[in-house]
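Structure record follows, encoded as structure tokens.
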Amino acid sequence: MPANPIAATIPFDRDGTHHGFLRLPHSRNESAWGAVMIPITVIRNGAGPTALLTGANHGDEYEGPVALQALAHELRPEQITGRVIIVPYMNYPAFRAATRVSPIDMVNLNRAFPGAPDGSATQKIADYFAQVLVPMADIVLDYHSGGKTLDFLPFACAHYLEQASQQAACVAAVEAFNAPYSLMLREIDNVGMYDTLVEAQGKVFVTTELGGGGTATARSVRIARRGVRNLLIHAGIMAGEPEHAPSVWLDMPGDDCYHFATCEGLVEPLVDLGERVAEGAPLARIWPPDRTGLMPLEVPAQRAGVLAARHFPGLIQTGDCLAVVAEQEG
Ligand code: CA
């Protein structure tokens with residue numbers, strides 16, 4: 001295996017605050033010997049646990065980037081024991097283009113793990129996280145939201161894992177993050193995901209979906225900022241009292257939570273995020289995009305629950321995820 005070409009411009013093992021870059025060589029028409037410069041902050045104070053915090057794994061999701069920019073600016077070494085590694089814009093080319101996947105190679109970083117040191121730009125970023133950054137970490141937080149095409153109830157999430165002790169540690173970290181909703185999730189397609197890689201390395205992992213539509217809101221940013229502070233306290237890295245509010249547990253145990261469009265058209269939502277639906281009740285209608293006078297396609301809920309995610313744009317294509325219905329406890 002060739003070595004990964006990414007080099008950090010700052011040390012990982014020195015006390016203090018270090019702002020710098022992960023430098024990824026990227027030779028191209030505009031810059032023959034140029035590089036992609038991925039911002040990174042490392043804050044360290046003596047021996048202790050390491051937290052690895054990332055945003056913009058998908059480039060059009062903004063709560064993580066905002067919360068992590070603020071944390072990198074505000075957190076002082078004397079406030080922590082151990083180390084915090086902050087990468088607000090994980091797929092930096094995608095973030096700069098405000099797109100889900102990288103404009104360099106059209107690769108979705110969260111389907112590119114474990115990556116390749118001699119692969120495309122996005123595969124190199126994935127390999128660097130897999131080989132260098134994740135192994136340093138005890139606890140990993142990867143912020144997501146729905147991006148331009150989905151909108152979510154704000155939740156932090158843990159996956160069903162084979163190791164009961166690891167799953168319990170992840171669930172405790174999700175509870176500590178304390179989003180308004182907390183979710184147990186079985187991914188529809190976990191191959192290539194950062195989540196899968198991090199969990200396979202035995203780490204405590206928290207991911208989120210805090211909103212969507214290609215923007216952040218005051219509420220979703222507050223949830224993101226409070227959550228990371230709570231998580232650092234939970235990990236024993238920060239001192240202080242966590243802020244705690246009630247969180248509703250949701251469960252997405254199977255494929256029938258996901259509803260996909262079987263025709264294209266104009267979406268008429270019939271249920272909003274957080275509202276309850278009965279099994280068989282209509283979630284949305286899809287009207288023909290090209291004529292009047294025809295029946296819309298009505299999409300019924302495959303199970304009872306609450307609407308946890310929905311297609312965001314007003315128009316939908318065949319195969320798009322229209323709605324996600326989660327079971328609500330209690
Ligand atoms: Ca995402």
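Values reported hereafter were calculated over all heavy atoms of this structure, with side chains retained and with hydrogens, waters and symmetry mates removed. Both ligands and their constituent atoms are indexed starting at 1 by order of listing.
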So which of the N, O or S atoms of [X] lies nearest the Ca ion (ligand 1)?
X    : answer
H58  : ND1
E61  : OE2
H144 : ND1

Any heavy-atom pair between the side chains of [Y] and [X] that's under 4.5 Å?
X    : Y    : result
N91  : P93  : yes
M90  : Y194 : yes
C321 : H259 : no

Checklist entry - How many angstroms lie between atom NZ of K203 and atom CG of D138, to the nearest 0.5 angstrom? => result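 Nearest 0.5 Å value for the NZ-CG distance: 6.5 Å.
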